[in-house]
Amino acid sequence: MNSQAPVITVDGPSGVGKGTLCQWLALRLGWHLLDSGALYRLTALAALRRNLALQDETHVALVAAALDIEFIPDPDNLVRIRLDGTEIGDALRSETTGNAASQVAALPAVRTALLERQRNFRQAPGLIADGRDMGTVVFPDADLKLFLTASAGKRADRRYKQLIEKGVDANLDILAKEIAERDERDAQRAVAPLKPAADAEVLDTTLLGIAGVRAWTRALISQRLKIRVIP
Ligand code: DC
(Lines give C-alpha, C1' and ligand atoms only; values in the text may rest on other atoms or scores of the structure.)
Protein backbone atom coordinates (compact mmCIF):
# COMPACT_ATOMS: atom_id res chain seq x y z
CA MET A 1 0.00 0.00 0.00
CA ASN A 2 1.30 3.42 -0.91
CA SER A 3 1.73 5.77 2.05
CA GLN A 4 1.59 8.83 -0.20
CA ALA A 5 -1.60 10.48 -1.42
CA PRO A 6 -3.23 8.52 -4.26
CA VAL A 7 -2.60 9.56 -7.87
CA ILE A 8 -4.55 8.89 -11.04
CA THR A 9 -2.52 9.67 -14.16
CA VAL A 10 -4.13 10.59 -17.48
CA ASP A 11 -1.75 10.65 -20.45
CA GLY A 12 -2.23 10.95 -24.19
CA PRO A 13 -1.63 13.20 -27.20
CA SER A 14 -2.95 16.76 -27.58
CA GLY A 15 -6.62 17.24 -28.31
CA VAL A 16 -7.69 13.85 -27.00
CA GLY A 17 -9.91 15.25 -24.23
CA LYS A 18 -7.61 14.66 -21.24
CA GLY A 19 -8.14 18.18 -19.92
CA THR A 20 -11.91 17.86 -19.88
CA LEU A 21 -11.77 14.44 -18.21
CA CYS A 22 -9.22 15.57 -15.61
CA GLN A 23 -11.12 18.71 -14.62
CA TRP A 24 -14.29 16.67 -14.18
CA LEU A 25 -12.51 13.99 -12.15
CA ALA A 26 -10.77 16.51 -9.88
CA LEU A 27 -14.09 18.23 -9.18
CA ARG A 28 -15.96 14.98 -8.58
CA LEU A 29 -13.31 13.51 -6.27
CA GLY A 30 -12.33 16.82 -4.65
CA TRP A 31 -8.67 16.04 -5.51
CA HIS A 32 -5.87 18.33 -6.67
CA LEU A 33 -5.20 18.74 -10.39
CA LEU A 34 -1.80 18.90 -12.08
CA ASP A 35 -1.97 20.30 -15.61
CA SER A 36 1.63 19.45 -16.52
CA GLY A 37 1.21 20.77 -20.07
CA ALA A 38 0.64 24.21 -18.51
CA LEU A 39 4.09 24.03 -16.90
CA TYR A 40 5.72 23.38 -20.29
CA ARG A 41 3.60 26.13 -21.84
CA LEU A 42 4.60 28.56 -19.05
CA THR A 43 8.26 27.65 -19.49
CA ALA A 44 8.00 28.39 -23.22
CA LEU A 45 6.23 31.71 -22.59
CA ALA A 46 8.75 32.75 -19.94
CA ALA A 47 11.66 31.83 -22.24
CA LEU A 48 10.19 33.78 -25.16
CA ARG A 49 9.62 36.79 -22.90
CA ARG A 50 13.30 36.68 -22.02
CA ASN A 51 14.18 36.51 -25.74
CA LEU A 52 15.77 33.07 -25.39
CA ALA A 53 15.99 30.69 -28.33
CA LEU A 54 13.76 27.69 -27.60
CA GLN A 55 16.68 25.34 -28.32
CA ASP A 56 18.92 27.00 -25.73
CA GLU A 57 18.70 24.07 -23.31
CA THR A 58 20.85 25.47 -20.49
CA HIS A 59 19.06 28.79 -20.22
CA VAL A 60 15.55 27.47 -20.86
CA ALA A 61 16.14 24.89 -18.08
CA LEU A 62 17.17 27.70 -15.72
CA VAL A 63 13.94 29.51 -16.58
CA ALA A 64 11.96 26.28 -15.92
CA ALA A 65 13.64 25.77 -12.53
CA ALA A 66 12.91 29.34 -11.44
CA LEU A 67 9.38 29.69 -12.89
CA ASP A 68 7.45 32.21 -10.83
CA ILE A 69 3.87 31.01 -11.18
CA GLU A 70 0.74 31.22 -9.15
CA PHE A 71 -2.42 29.20 -9.71
CA ILE A 72 -5.47 31.15 -8.57
CA PRO A 73 -8.72 29.20 -8.21
CA ASP A 74 -11.53 30.87 -10.11
CA PRO A 75 -15.14 29.71 -9.81
CA ASP A 76 -15.89 30.61 -13.45
CA ASN A 77 -12.67 29.49 -15.04
CA LEU A 78 -11.47 26.72 -12.69
CA VAL A 79 -8.07 28.35 -12.44
CA ARG A 80 -6.27 31.55 -13.45
CA ILE A 81 -2.51 31.67 -13.82
CA ARG A 82 0.01 34.40 -13.04
CA LEU A 83 3.48 34.31 -14.56
CA ASP A 84 6.10 36.65 -13.09
CA GLY A 85 3.29 38.41 -11.22
CA THR A 86 1.09 39.17 -14.21
CA GLU A 87 -1.94 37.22 -15.24
CA ILE A 88 -1.78 35.39 -18.54
CA GLY A 89 -5.05 34.88 -20.33
CA ASP A 90 -5.68 33.08 -23.59
CA ALA A 91 -2.01 33.18 -24.64
CA LEU A 92 -1.42 30.06 -22.54
CA ARG A 93 -3.77 27.91 -24.60
CA SER A 94 -2.89 29.23 -28.07
CA GLU A 95 -1.52 26.91 -30.74
CA THR A 96 1.63 29.05 -30.93
CA THR A 97 2.32 28.49 -27.24
CA GLY A 98 1.49 24.77 -27.60
CA ASN A 99 4.04 24.40 -30.37
CA ALA A 100 6.67 26.33 -28.42
CA ALA A 101 5.90 24.13 -25.38
CA SER A 102 6.44 21.01 -27.43
CA GLN A 103 9.90 22.30 -28.41
CA VAL A 104 11.07 23.08 -24.86
CA ALA A 105 9.52 19.79 -23.67
CA ALA A 106 11.98 17.91 -25.88
CA LEU A 107 14.96 19.28 -23.87
CA PRO A 108 16.05 16.78 -21.18
CA ALA A 109 17.33 19.47 -18.77
CA VAL A 110 13.95 21.23 -18.91
CA ARG A 111 12.10 18.00 -18.04
CA THR A 112 14.46 17.40 -15.10
CA ALA A 113 14.00 20.97 -13.90
CA LEU A 114 10.20 20.49 -13.78
CA LEU A 115 10.18 17.03 -12.19
CA GLU A 116 10.12 17.91 -8.49
CA ARG A 117 7.67 20.74 -9.03
CA GLN A 118 5.27 18.24 -10.58
CA ARG A 119 5.74 15.65 -7.82
CA ASN A 120 4.99 18.31 -5.19
CA PHE A 121 1.41 18.44 -6.45
CA ARG A 122 0.86 15.02 -4.88
CA GLN A 123 -1.01 15.97 -1.74
CA ALA A 124 -3.95 14.62 0.24
CA PRO A 125 -6.65 13.76 -0.48
CA GLY A 126 -5.29 12.85 -3.95
CA LEU A 127 -4.08 14.04 -7.33
CA ILE A 128 -5.29 13.84 -10.92
CA ALA A 129 -2.20 14.26 -13.13
CA ASP A 130 -2.72 15.28 -16.76
CA GLY A 131 0.12 15.02 -19.28
CA ARG A 132 2.30 12.87 -21.52
CA ASP A 133 4.64 11.10 -19.08
CA MET A 134 2.65 11.14 -15.84
CA GLY A 135 2.38 7.34 -15.67
CA THR A 136 5.81 6.55 -17.13
CA VAL A 137 8.16 9.08 -15.47
CA VAL A 138 6.61 11.47 -12.98
CA PHE A 139 4.35 9.07 -11.02
CA PRO A 140 5.46 5.54 -11.98
CA ASP A 141 3.79 4.22 -8.79
CA ALA A 142 0.38 5.82 -9.56
CA ASP A 143 -2.70 4.01 -8.26
CA LEU A 144 -4.36 4.08 -11.67
CA LYS A 145 -2.91 4.99 -15.07
CA LEU A 146 -5.17 5.97 -17.94
CA PHE A 147 -4.01 6.58 -21.50
CA LEU A 148 -6.37 8.15 -24.03
CA THR A 149 -5.90 8.01 -27.79
CA ALA A 150 -7.90 9.22 -30.81
CA SER A 151 -7.08 9.54 -34.49
CA ALA A 152 -5.22 12.73 -35.47
CA GLY A 153 -8.11 13.71 -37.76
CA LYS A 154 -10.63 13.43 -34.92
CA ARG A 155 -8.44 15.47 -32.57
CA ALA A 156 -7.96 18.23 -35.16
CA ASP A 157 -11.71 18.27 -35.64
CA ARG A 158 -12.41 18.64 -31.89
CA ARG A 159 -9.78 21.37 -31.53
CA TYR A 160 -11.23 23.21 -34.53
CA LYS A 161 -14.72 23.20 -32.99
CA GLN A 162 -13.35 24.41 -29.62
CA LEU A 163 -11.57 27.34 -31.28
CA ILE A 164 -14.55 28.34 -33.43
CA GLU A 165 -16.81 28.20 -30.34
CA LYS A 166 -14.41 30.56 -28.57
CA GLY A 167 -14.60 32.91 -31.57
CA VAL A 168 -10.98 32.22 -32.56
CA ASP A 169 -10.23 32.00 -36.28
CA ALA A 170 -9.00 28.52 -37.22
CA ASN A 171 -8.12 26.48 -40.29
CA LEU A 172 -8.77 22.74 -40.07
CA ASP A 173 -6.00 21.73 -42.50
CA ILE A 174 -3.37 23.81 -40.71
CA LEU A 175 -4.53 22.46 -37.33
CA ALA A 176 -4.33 18.86 -38.57
CA LYS A 177 -0.80 19.47 -39.87
CA GLU A 178 0.31 21.09 -36.58
CA ILE A 179 -1.20 18.28 -34.51
CA ALA A 180 0.59 15.66 -36.64
CA GLU A 181 3.91 17.53 -36.24
CA ARG A 182 3.45 17.88 -32.50
CA ASP A 183 2.55 14.17 -32.15
CA GLU A 184 5.66 13.24 -34.05
CA ARG A 185 7.91 15.42 -31.88
CA ASP A 186 6.29 14.30 -28.60
CA ALA A 187 6.44 10.61 -29.54
CA GLN A 188 9.93 10.57 -31.07
CA ARG A 189 11.89 12.59 -28.51
CA ALA A 190 14.64 10.78 -26.63
CA VAL A 191 13.44 11.57 -23.09
CA ALA A 192 10.00 10.71 -21.77
CA PRO A 193 8.39 10.15 -25.18
CA LEU A 194 4.63 9.95 -25.37
CA LYS A 195 3.72 6.31 -24.81
CA PRO A 196 1.46 4.37 -22.45
CA ALA A 197 3.06 2.90 -19.32
CA ALA A 198 3.20 -0.91 -19.42
CA ASP A 199 0.51 -1.02 -16.73
CA ALA A 200 -1.75 1.71 -18.22
CA GLU A 201 -5.37 1.23 -19.24
CA VAL A 202 -5.67 2.43 -22.84
CA LEU A 203 -8.85 3.79 -24.38
CA ASP A 204 -9.36 4.84 -28.01
CA THR A 205 -11.87 7.70 -27.88
CA THR A 206 -12.15 8.27 -31.65
CA LEU A 207 -15.72 6.99 -31.71
CA LEU A 208 -16.57 7.71 -28.07
CA GLY A 209 -18.31 10.78 -26.61
CA ILE A 210 -17.52 12.38 -23.22
CA ALA A 211 -20.16 10.23 -21.50
CA GLY A 212 -18.50 7.02 -22.74
CA VAL A 213 -15.06 8.14 -21.57
CA ARG A 214 -16.45 9.07 -18.15
CA ALA A 215 -18.26 5.74 -17.77
CA TRP A 216 -15.06 3.82 -18.58
CA THR A 217 -13.11 5.94 -16.06
CA ARG A 218 -15.72 5.54 -13.32
CA ALA A 219 -15.71 1.76 -13.77
CA LEU A 220 -11.91 1.59 -13.44
CA ILE A 221 -11.83 3.86 -10.37
CA SER A 222 -14.51 1.79 -8.70
CA GLN A 223 -12.66 -1.46 -9.49
CA ARG A 224 -9.15 -0.36 -8.59
CA LEU A 225 -9.55 2.35 -5.93
CA LYS A 226 -12.91 1.24 -4.53
CA ILE A 227 -14.18 4.79 -4.90
CA ARG A 228 -17.60 5.47 -6.36
CA VAL A 229 -17.59 8.51 -8.63
CA ILE A 230 -20.97 10.20 -9.11
CA PRO A 231 -21.84 10.34 -12.86
O1 DC B 1 -1.10 19.13 -23.00
P2 DC B 1 -0.62 20.43 -23.63
O3 DC B 1 -1.07 20.62 -25.05
O4 DC B 1 -0.90 21.61 -22.77
O5 DC B 1 1.00 20.28 -23.69
C6 DC B 1 1.81 21.21 -24.34
C7 DC B 1 3.11 20.54 -24.78
O8 DC B 1 3.88 20.17 -23.64
C9 DC B 1 2.92 19.27 -25.60
O10 DC B 1 3.28 19.44 -26.96
C11 DC B 1 3.85 18.26 -25.03
C12 DC B 1 4.42 18.88 -23.80
N13 DC B 1 4.16 18.09 -22.58
C14 DC B 1 5.10 17.15 -22.24
O15 DC B 1 6.06 16.95 -22.96
N16 DC B 1 4.95 16.44 -21.08
C17 DC B 1 3.87 16.63 -20.30
N18 DC B 1 3.75 15.92 -19.18
C19 DC B 1 2.88 17.57 -20.67
C20 DC B 1 3.06 18.29 -21.83
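Position 1 is the first residue of the sequence, and the numbers go up from there. Ligands are counted one by one from 1 in listed order, and the atoms in each one are counted from 1 as well.
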>> Heavy-atom distances under 4.0 Å decide this one: backbone, side chain, both or neither, for Arg189 against ligand 1?
In response: side chain
>> Here's a test for you: under side chain to side chain contact (heavy atoms under 4.5 Å, CB included), which of Asp130, Asp35, Thr9 qualifies with Cys22?
In response: Asp130
> Can you tell me which residue and heavy atom of the protein come closest to atom 12 (C) of ligand 1, and the distance to 0.1 Å?
Replying inline: Ala105 CB, 3.7 Å
>> Taking distance alone, with N or O pairs closer than 3.5 Å, would you say Arg111 contacts ligand 1?
In response: yes
> Would you say Ser36 has any N or O atom under 3.5 Å from an N or O of ligand 1, going by distance alone?
Replying inline: yes
> Taking a hydrophobic cluster as the set of Ile, Leu, Val, Met, Phe, Trp and Tyr residues connected by side-chain heavy atoms closer than 4.5 Å, whether directly or through intermediates, do Leu115 and Val110 fall within one such cluster?
Replying inline: yes
> Taking both backbone and side-chain atoms of Arg93, is any N or O found less than 3.5 Å from an N or O belonging to ligand 1?
Replying inline: no
>> To check your reading of the model: name the closest protein heavy atom to atom 3 (O) of ligand 1, its residue, and the distance in Å.
In response: Arg41 NH2, 2.8 Å
> So is there a nitrogen or oxygen of Asp133 less than 3.5 Å from a nitrogen or oxygen in ligand 1?
Replying inline: yes
>> Does the residue Met134 have a heavy-atom contact with ligand 1, meaning some pair of atoms that are separated by less than 4.0 Å?
In response: yes
> Would you say ligand 1 has an N or O under 3.5 Å from any N or O of Gln118?
Replying inline: no
>> Show every side chain to side chain donor-acceptor pair (under 3.5 Å) that has at least one partner inside residues 212-224, sequence neighbours left out.
In response: Glu201-Arg224
